[in-house]
Amino acid sequence: MTDFQPKSDFLATLIERGYVHQASDLAGLDALAAKGGVVAYVGYDCTAPSLHIGSLISIMMLAWLQRTGNKPIALMGGGTTRVGDPSGKDETRRILSIEDIEANKNGIQRVFSNLINFGNGTIDARMVDNAEWLAPLNYIEFLRDVGKHFSVNRMLAMDSAKLRLEREQELSFIEFNYMLLQSYDFVELARRYGCNLQMGGSDQWGNIVSGIDLGRRMGTHQLYALTCPLLTTASGAKMGKTASGAVWLNEDLLSAYEYWQYWRNTEDADVSRFLKLFTFLPMGEIVRLSALGGAEINEAKKVLATEATALVRGRAAAEAAADTARRAFELGETASSLPTVEIAAGEVDAGLGLLNAFLKAGLVSGTGEARRQIEGGGLKVNDNAVSDPRATLSRSDFNSDGAVKLSLGKKKHVLLKLV
RNA sequence: GGGAGAAUGUCCCGAGCGGCAAAGGGGGCGGACUGUAAAUCCGCUGGCUAAGCCUUCGUAGGUUCGAGUCCUACUUCUCCCA
């Protein structure tokens with residue numbers, strides 16, 4: 001892959017920035033991309049009300065595709081989610097109701113318009129839902145038209161099924177069918193929209209290639225596959241997980257400030273890779289930032305955080321998050337833009353215990369945890385460590401704006417504000 | 001259909017002669033060191049109105065002063081035979 005010299009901007013960019021893990025026919029795809037002839041899709045399951053950063057790479061691939069003169073399609077798995085993809089999963093996922101799937105779909109769709117332009121022009125992106133053609137399918141017809149092209153022997157040999165079988169874990173028939181549906185999606189998109197490339201995470205390789213195969217058997221034009229690596233951090237953790245859960249792309253599930261913080265806390269060894277994958281910064285700038293050593297690399301992390309946040313949440317939100325962080329961490333100020341929780345003045349006057357104050361602020365999950373954190377020196381009120389679990393909050397702890405700063409550890413701060 | 005085994009702390013894996021809030025590990029959180037990094041070291045990791053009280057070992061009963069541990073039934077999963 002490294003010795004391939006792409007002629008198209010699309011592949012040149014993707015390869016240079018580290019998006020490419022595996023591809024079915026690089027030369028053929030390159031030729032197509034060089035003349036702006038690629039129509040590529042990525043499918044997204046509707047299993048949660050928002051995508052998280054695990055899906056961000058593939059969205060970036062769609063964005064680059066458009067920026068290099070080709071047409072992206074974002075496919076919502078409104079149909080396939082009713083079945084459940086077994087790829088890379090140990091256990092059967094619970095089957096979601098159709099209402100949940102629809103609600104999730106509505107949440108997921110929102111992110112895309114930040115990164116991709118939708119419309120009716122040749123290069124404008126399309127958003128489609130595979131429920132459109134999967135839901136009305138007739139079982140017998142589907143078996144005759146599509147099912148006959150699949151070999152169970154071959155399907156059993158593919159990783160998604162093989163792993164389950166080897167580990168003697170349940171693989172239900174409904175999941176086993178997922179591959180057929182995803183393959184059929186590819187064919188359907190080829191027929192409807194001239195789609196000729198499917199991209200996705202490396203765990204999707206089997207499903208994608210089997211779609212190419214189905215396309216050939218069902219007489220579509222030549223189809224291509226391109227996968228990106230599944231991301232882990234330099235220290236091996238899966239990306240997108242934090243203490244409080246996934247790193248969501250939607251604002252209502254994770255504030256811009258917290259999203260910015262996620263990127264700010266990137267490990268040194270990941271900075272260069274993430275700048276390439278999760279920003280549109282030109283390579284020259286990335287090379288310069290990546291060369292920063294020691295404490296200076298923090299500058300690069302701030303750029304990464306702001307750029308990555310701007311992509312998904314908008315430039316203004318990203319700048320605001322950066323500013324909040326700068327005040328809180330570098331100037332030691334109590335920035336009024338920190339996450340804020342309101343509290344009734346009467347509650348404070350009645351004598352509010354610190355334990356419960358931290359609980360209200362959402363910094364601890366219970367007073368038990370608050371007690372433990374006090375023992376470990378992890379709780380601070382207005383930057384002063386708390387030592388007495390029986391202490392209470394009083395009016396004098398609040399500043400002139402009627403706010404106290406409660407902190408858990410060095411990074412998590414919440415303002416309690418009187419109302 | 002017959003036989004054998006398993007289910008443990010609401011993140012996961014996993015020990016547990018009738019005295020158990022229950023070993024150990026991973027993960028996570030906090031502290032120290034740093035640079036809001038990694039690595040390393042230390043502490044914590046059921047809930048609460050907290051020297052006490054309450055609720056936990058698949059479900060429901062039973063034996064016992066006392067049950068995660070013994071008995072019975074049920075549920076689910078795995079394996080072997082058919």
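Numbers restart at 1 for each chain; the letters A, B, ... are given by sequence-line order, proteins then strands. Just so you know, these numbers use all the heavy atoms, side chains as well, and skip hydrogens, waters and symmetry mates.
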If [N] has a Watson-Crick or G-U wobble mate with both distances under 3.5 Å, name it; if not, just say none.
N	result
B:rG43	B:rC29
B:rC77	B:rG5
B:rU72	B:rA60
B:rU10	none
B:rG35	none
B:rA67	none
B:rC48	B:rG52

Original post:
Which residues within residues 351-370 of chain A lie with some heavy atom under 4.0 Å of an atom in RNA chain B?
Top reply: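 Heavy-atom cutoff 4.0 Å gives A:G366, A:T367, A:G368.
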Would you kindly give the [atom1]-to-[atom2] distance between [X] and [N], to the nearest whole Å?
X	N	atom1	atom2	result
A:L408	B:rC44	CG	C1'	13 Å
A:K380	B:rU36	NZ	P	13 Å
A:N298	B:rA37	CG	P	8 Å
A:I297	B:rU36	CD1	P	13 Å
A:L289	B:rA37	CG	P	19 Å
A:E375	B:rU45	CD	P	8 Å
A:I374	B:rG31	CD1	C1'	15 Å
A:E267	B:rA39	CD	P	6 Å

**OP:** Could you pick out which residue, A:T266 or A:R371, lies toward the 5' side of RNA chain B when each is mapped onto its nearest nucleotide?
**Re:**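 Its nucleotide being nearer the 5' end, the pick is A:T266.
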Original post:
For A:G377 and A:G293, take the nucleotide of RNA chain B holding the closest heavy atom to each; which residue's nucleotide lies nearer the 5' end?
Top reply: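 Its nucleotide being nearer the 5' end, the pick is A:G377.
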**OP:** Classify the glycosidic conformation of B:rC20 as syn or anti, calling it syn when the angle lies within 90° of 0.
**Re:**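 Here the answer is syn: the torsion falls within 90° of 0.
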Mind checking the [atom1] distance from [N] to [M]? Whole angstroms is fine.
N	M	atom1	value
B:rA22	B:rU8	C1'	9 Å
B:rA21	B:rG47	C1'	11 Å
B:rC70	B:rU78	C1'	25 Å
B:rG31	B:rU76	C1'	44 Å
B:rG24	B:rG16	C1'	11 Å
B:rG68	B:rG18	P	12 Å
B:rC41	B:rA51	P	35 Å
B:rA82	B:rC12	C1'	37 Å

Counting only N and O atoms by type, is there a donor-acceptor contact under 3.5 Å from the side chain of [X] to the main-chain atoms of [Y]?
X	Y	value
A:T340	A:L338	yes
A:E296	A:L292	no
A:K301	A:T266	yes
A:N130	A:D185	no
A:N70	A:A40	no
A:D401	A:A403	no

Subject >> Short side-chain N/O contact to B:rG47 OP1/OP2 from A:R372, under 4.0 Å >> reply: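 Answer yes for this pair, as a side-chain N or O of A:R372 is under 4.0 Å from OP1 or OP2.
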Original post:
Within the structure, does a side-chain N or O atom of A:K410 lie under 4.0 Å from either OP1 or OP2 of B:rG31?
Top reply: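 Answer is no, no contact under 4.0 Å.
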Original post:
Counting side-chain heavy atoms from CB outward, which of B:rA50, B:rG30, B:rG35 is closest to A:A295?
Top reply: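 Within the option list, the nearest is B:rG35.
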State plainly whether the residues [X] and [Y] are in salt-bridge range, i.e. N to O under 4.0 Å.
X	Y	answer
A:E299	A:K302	yes
A:K380	A:D383	no
A:E141	A:R144	no

Original post:
What about A:E330: does its side chain form a donor-acceptor pair under 3.5 Å with the base of B:rU36?
Top reply: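 There is none.
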Subject >> Check: B:rU36 base within 3.5 Å donor-acceptor of A:K302 side chain >> reply: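 When only heavy-atom distances are counted, A:K302 does not reach the base of B:rU36 through any donor-acceptor pair under 3.5 Å.
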How would you label the contact of [X] with the nucleic acid (heavy atoms, under 4.0 Å): base, sugar-phosphate, or nothing?
X	value
A:E296	nothing
A:R264	base
A:L379	nothing

**OP:** Could you list all the salt bridge (Lys or Arg N to Asp or Glu O under 4.0 Å) pairs where at least one residue sits in residues 279-289 of chain A, not counting sequence neighbours?
**Re:**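 Qualifying pairs, neighbours excluded: A:E285-A:R288.
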